[in-house]
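Notes to accompany the following structure.
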Amino acid sequence: MHEWIAAAKAELGIDLDVDIAELLDMTKVVAHEVARPAAPITSFLVGYAAALRAGGAGAVSEANRRVTGLAEQWATERENGAAL
């Protein structure tokens, strides 16, 4: 997987190291608590949000943390009968 990520970053001209485990954890939470197809789209949205905030690993981490919290809240509210 790390070779693939390195190749994709090179192809896209990206020189940014992010916390891969953190991103994978987020996609797991979204896939289980929201919907499996939402995970890759949410990953895109995290990257886009980080780019809008001048990019960098910190911006990715912040967007990732926020959306993980949202997915957990979403699941809790669905369990309690409320919808976001």
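All values below were derived from every heavy atom in this structure, side-chain atoms included, with hydrogens, water molecules and symmetry-related copies excluded.
Each salt bridge (charged side-chain N to carboxylate O under 4.0 Å, His left out) pair with one or both residues in residues 37-47, not counting sequence neighbours, would appear here, but there are none. The salt bridge (charged side-chain N to carboxylate O under 4.0 Å, His left out) pairs that include a residue from residues 41-50 number zero, where partners must be two or more places apart or lie in different chains. For residues 54-64, the pairs satisfying salt bridge (charged side-chain N to carboxylate O under 4.0 Å, His left out) are E62-R65, with sequence neighbours left out.
Partners of R66 under the side-chain hydrogen bond (donor to acceptor under 3.5 Å, both in side chains) rule, at least two apart in sequence or in another chain, do not exist in this structure. Judged as a side chain to side chain contact (heavy atoms under 4.5 Å, CB included), and not counting sequence neighbours, the contacts of L16 are I14, V18, A57, V60. Legend: residues meeting side chain to side chain contact (heavy atoms under 4.5 Å, CB included) with A75, ordered by chain and number and at least two apart, are E33. Legend: residues meeting side chain to side chain contact (heavy atoms under 4.5 Å, CB included) with T68, ordered by chain and number and at least two apart, are M26, V29, N64, E72. Among residues two or more places apart in sequence or in another chain, the side chain to side chain contact (heavy atoms under 4.5 Å, CB included) test is passed with D19 by A21, E22. Annotation: side-chain hydrogen bond (donor to acceptor under 3.5 Å, both in side chains) contacts of K9 (sequence neighbours excluded): D17.
Judged by distance alone, the side chain of R53 and the main-chain N or O of G58 form no donor-acceptor pair under 3.5 Å.
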Show every donor-acceptor pair shorter than 3.5 Å between a side-chain atom in residues 35-51 and any protein atom, with sequence neighbours excluded, or say none if there are none.
from: T42; atom 1: OG1; to: A38; atom 2: O; distance (Å): 2.6
from: S43; atom 1: OG; to: A39; atom 2: O; distance (Å): 3.2

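In terms of hydrophobic clustering, with Ile, Leu, Val, Met, Phe, Trp and Tyr side chains grouped at heavy-atom distances under 4.5 Å, L23 and L12 are assigned to a common cluster.
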